[in-house]
Amino acid sequence: MAKPQNKLFLLDALALIYRAHFAFNKNPRITSRGLNTSAIFGFMNAMLEVLQKEKPTHIGVAFDHSKKTFRHEQFPMYKATRQSQPEDISVATPYIKQIVEAMNIPILIMEGFEADDIIGTIAKRACATGEFEVYMMTPDKDYGQLVDECIHIYKPAFMGKAAEKQGVKEVCERWGIERIEQVTDMLGLIGDAVDNIPGIPGIGEKTAQKLITEFGSVENLIANADQLKGKLKENVVQYADQGLLSKQLATIHLDVPVPFDAEALRLTEYDKPRLTALMDELEFRQMKGRLGLDSPADQPLPPAFKAAGNGQMDLFAAPAPAPSGTADLPFGFEPGDAAVADTPTPKTRKKAAATEATPTDADAPAFLDVYPDAEIETGASKPRKTIQSVRHDYRLVDTPELRASLAYFLSSQTAICFDSETTAIDPVEADLVGLAFAYRTGEAFYVPVPADRAEAQAVVDVFKPVLQDPAITKIGQNLKYDLLMLKKYGVEVQGKLFDTMIAHYLIEPEQRHNMDIMAMTYLDYHPVEIEALIGKKGKGQLTMREVDVEKIVEYAGEDADITLQLKQTFEPLLEKDNLFKLFDQVEMPLVQVLADLELEGIRIDTNALAELSATLDTDVKQVQQEIYELAGESFNIGSPKQLGEVLFDKLKLDKNAKKTRTGQYATGEEILSKLEAEHEIARKILDYRELIKLKNTYVDALPLLISPRTGRIHTSFNQAVAATGRLSSTNPNLQNIPIRTPRGQEIRKAFVPRSEEFLIMSADYSQIELRIMAAFSGDETMTNAFNNNIDIHTQTASKVFHVGLGEVTSEMRRKAKTINFGIIYGISSFGLAQRLKIPRKEAAQIIEEYFAEFPAVKAYMEQSVEKARGFGYAETILGRRRYLRDINSRNVTDRMFAERNAINAPIQGSAADMLKIAMIQIHDMMRRERMQSKMILTVHDELVFDAHRDELDILRERVDHIMKNAIPMAVKMDTGIGVGENWLVAH
DNA sequence: AACCGCTCT
DNA sequence: TTGGGAGAGCGGTTA
């Protein structure tokens with residue numbers, strides 16, 4: 001018989017919605033009215049892709065019914081552990097139903113059954129007619145059991161992974177089984193945590209595969225359980241019924257009373273007006289094109305090619321500076337071109353264009369006048385753009401003449417985008433492989449840099465004047481990396497910076513700022529992935545140096561091109577949200593500062609650490625032995641699971657021991673501290689934890705991170721991760737070096753000056769967050785205390801406990817300190833009670849007392865929340881935003897979290913703003929004064945310097961002054977500055 | 001990869 | 001009764 005002429009697609013709506021929701025988890029799409037449309041968008045994307053690529057003749061969308069199903073009757077616990085549906089999904093589902101309806105696609109739903117039963121039943125019936133080829137569109141692996149010659153699974157494409165069709169062969173391979181019927185046996189044995197189907201304990205995918213290969217089915221396995229041995233046998237015997245039940249639950253029912261109405265499923269015209277209205281409401285502009293809702297007349301026509309003319313001639317209007325006198329000039333220059341003589345030189349043109357912001361100005365000279373600036377493709381009815389589908393011209397620049405021409409040309413631009421290709425991720429260890437440049441959409445140039453150091457230097461030197469030209473803005477993604485690379489080649493990049501990663505960080509602080517993702521989100525463009533060039537991580541991964549240069553041209557050119565386009569996208573967004581000044585005056589200058597800090601690095605006393613390591617090692621062994629003796633057995637103390645069993649099952653230390661949300665015993669510091677009185681093992685475990693932590697995380701790890709090139713440790717500061725505006729530090733994290741305990745202090749002592757002539761100087765803000773809180777709230781008591789140098793915790797204690805300042809006991813002060821911190825974080829009475837280990841009632845009373853004494857603080861906190869509710873975000877003194885999308889949520893936990901953020905984010909973030917400004921000014925001051933001292937670290941409210949002994953006094957004075965005045969406020973800022981032979985004594 | 005636990009401000 | 005101050009990164013275990 002001929003192949004069936006009809007193609008039926010059956011969509012598992014909820015599964016697709018879930019997948020879409022989580023795929024966009026980090027970069028949700030939000031409409032201007034605050035509706036999260038990620039799930040809707042993802043679902044539509046997947047559906048439209050199928051319609052376009054697969055051209056089904058028939059289609060249906062199945063939903064689960066909200067009522068309980070027959071499975072719940074079989075097994076009451078079915079899906080019992082499932083978390084309540086995320087709010088965004090609940091909100092999205094009705095929209096999706098409406099969209100499906102508007103597309104005139106039938107919705108398949110039936111009380112008492114789940115989508116898979118409905119899909120299964122219809123699939124089988126469609127096949128029985130012999131006229132259909134059926135595809136079940138779902139990411140759910142359970143559907144494997146339905147596959148046959150006529151029925152397939154269609155796994156939708158998501159986030160870079162291509163769509164996949166699975167037939168009998170693929171499904172059997174996926175499970176490692178011989179026959180499709182065995183899918184339910186596999187599911188029965190393994191179970192499903194998501195649906196709370198138990199399976200048989202101790203059997204995972206691997207074991208199940210072996211057992212099914214050997215026994216064929218669950219029933220047969222149980223009948224032959226005596227052939228098994230050990231724990232496995234026990235489990236199979238004991239949980240036989242559970243296994244059979246699980247298999248039943250996993251079995252999709254094919255007798256759902258739904259009619260198979262082929263005509264109803266036939267794909268027809270959309271209800272265009274309704275669909276248009278929906279797309280408008282959801283702000284899905286691109287979708288309208290893909291749905292064919294825009295009339296063709298509305299589509300911009302592809303702009304005609306501009307004939308090669310002025311632009312191209314501009315390029316070589318002035319004689320290129322260096323090139324030898326070869327006649328064979330690059331890029332199609334025709335000697336004797338008429339316009340040459342009249343064209344102004346690049347330098348004059350730049351002056352004329354100096355007020356223009358972007359390099360894409362219509363009259364800017366063009367290096368290649370091949371493509372116009374406008375988007376080339378129309379966007380309608382097309383999948384996401386890729387390097388193959390978008391017209392571009394990325395060129396290799398690999399001769400002295402070409403390099404000189406390019407450099408000369410770039411020197412006439414007001415802004416250039418560049419990107420460096422290197423041999424490694426770590427900029428301190430990496431070497432340059434090439435540089436890519438772009439100045440307008442659709443074009444880029446790739447300059448390979450030779451492996452030989454001297455030759456490489458010569459190539460870099462050609463571009464050095466351009467890169468160091470203060471009049472040319474430098475655009476890039478994560479520019480700090482490129483700056484660090486270039487510093488190693490003697491290039492000090494100058495001029496304004498525009499870092500697309502950080503621009504996006506300001507626009508959407510909590511999302512991802514990865515270039516590929518931003519390209520997909522903002523440009524609807526899917527870049528070539530780095531893996532396509534160098535392969536996956538691990539064995540066989542190439543370095544950029546080993547990749548064919550033709551491939552790099554495309555990849556690197558694309559990076560520069562895309563980055564430039566992102567800059568053009570983000571600049572107006574920054575302006576719109578009043579973030580441009582923060583970006584241009586704070587974040588961009590800070591990039592240079594951080595690059596210098598990182599490059600400088602900090603010296604570590606390895607001998608001291610080695611000694612410490614040996615001491616810790618003997619101590620760990622000692623404590624470990626003592627714990628084993630107290631426990632009566634040896635076990636892995638590092639395993640919370642094993643430790644919990646020893647403490648609570650074996651030693652029965654606490655009858656109602658707390659469990660974590662995953663069902664294990666909680667063995668955290670707080671719990672063990674409580675147990676200290678009961679059993680000495682608790683103290684020992686805490687000791688053990690401290691020792692092993694210090695040893696593994698710091699003492700043994702830090703020396704390995706010393707750069708062989710410099711002999712120092714170079715952390716990496718991340719300027720685009722913390723949602724509040726703080727910096728973070730990785731590889732290693734130098735913002736969490738111990739200081740609290742005596743042993744921890746030994747580690748801090750190992751951070752030492754670079755040489756005899758230097759000392760460590762540490763300068764920190766005193767109570768920066770509380771001072772900001774006082775200033776923002778205008779609270780008189782607090783402001784006066786700070787301005788008159790009264791200890792703030794004592795002041796708070798005096799007020800809350802109604803005693804004179806002189807009568808405050810250390811216990812009262814301690815409590816007040818906890819309260820003060822709690823206030824900044826938006827504390828609850830429960831939280832305070834917990835921390836102070838006092839009854840909740842008492843804590844509530846203290847808070848009430850506090851608010852009575854500090855009414856302005858209370859008002860300020862309420863106002864912060866109110867403001868966030870109105871705006872949808874909280875903001876810092878410099879206008880840095882943090883979006884609080886849950887501030888109006890009906891979910892209490894989510895909403896309260898957002899409210900705490902509304903209070904904390906402006907305070908923590910403004911402190912970060914202040915320190916950043918101080919850093920920029922100090923950096924500037926040190927350069928102006930040509931100091932030998934170096935700023936080397938920043939830790940939220942602290943700056944650390946490698947200070948030259950001769951400069952100590954002036955450095956101290958200048959740093960102090962700058963820090964105190966970085967952002968003037970109604971409350972004066974105070975600093976503490978210390979100097980010493982190591983970081984511990986300096987702090 | 002997720003979780004736990006611990007380090008810092 | 002649950003869930004209940006903020007922001008980070010890293011090492012270890014378990015699955």
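We name chains A, B, ... by the order of the sequence lines, and we start the count at 1 in each one.
Of all heavy-atom pairs spanning H513(A) and A720(A), the tightest one is CD2-O, 3.2 Å.
The distance from the CG atom of N901(A) to the CE atom of M896(A) is 12.0 Å, given to the nearest 0.5 Å.
Partners of Y825(A) under the ring-ring contact (aromatic ring centres under 6.0 Å, His included) rule, at least two apart in sequence or in another chain, do not exist in this structure.
A heavy-atom distance below 4.5 Å is not found between the side chains of K658(A) and Y665(A). You'll find the side chain of L832(A) reaches within 4.5 Å of the side chain of T818(A), heavy atoms only.
Between dT1(C) and dC6(B), the distance separating the two P atoms is 28 Å to the nearest Å. Straight-line distance between the P atoms of dT2(C) and dT7(B): roughly 28 Å, to the nearest whole Å. For the C1' atoms, the distance linking dG4(C) with dA2(B) amounts to 23 Å, nearest Å.
In this structure, CD1 of I637(A) is placed 13 Å from P of dT14(C), rounded to the nearest angstrom. When the P atom of dG3(C) is taken as reference, atom CD of E899(A) falls 19 Å away, rounded to whole Å. Between the P atom of dT14(C) and the CG atom of L643(A) lies a distance of 11 Å, rounded to the nearest Å. Across the protein-nucleic acid pair, E690(A) atom CD and dC6(B) atom C1' stand 10 Å apart, rounded to whole Å. Between K641(A) atom NZ and dG5(B) atom P there is a gap of 14 Å when expressed in whole angstrom units. Atom CG in L694(A) sits roughly 15 Å away from atom C1' in dG12(C) (whole-Å rounding). Here the P atom of nucleotide dT14(C) and the CZ atom of F635(A) are 12 Å apart, to the nearest Å. Put simply, NZ on K659(A) is 13 Å from P on dC4(B), counting in whole angstrom units.
Contacts of N636(A) with the nucleic acid, taken as non-hydrogen atoms under 4.0 Å apart, involve only primed sugar atoms and P, OP1 or OP2. Contacts of S829(A) with the nucleic acid, taken as non-hydrogen atoms under 4.0 Å apart, are absent. Using a 4.0 Å heavy-atom cutoff across all strands shown, Q642(A) reaches sugar-phosphate atoms only and no base atom. As judged by a 4.0 angstrom heavy-atom cut-off over every strand, Q664(A) is placed among residues making no nucleic acid contact.
Note on ring orientation: taking the six-membered ring where Trp is involved, the planes of F751(A) and W983(A) are perpendicular (angle over 60°, cut-offs 30° and 60°). Aromatic ring orientation, F821(A) versus H793(A): tilted (interplanar angle from 30° to 60°).
Nearest nucleotide to the H987(A) side chain, out of dG5(B), dT9(B), dT14(C): dT9(B).
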- request: At under 4.0 Å between heavy atoms, which parts of nucleotides 4-11 of chain C does protein reach? Answer with one letter per nucleotide, 5' to 3': B base, S sugar-phosphate only, - none.
  value: BBBBSBSS

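Taking 4.0 angstrom as the limit, S639(A) places a side-chain polar atom (N or O) nearer than this to OP1 or OP2 of dT14(C).
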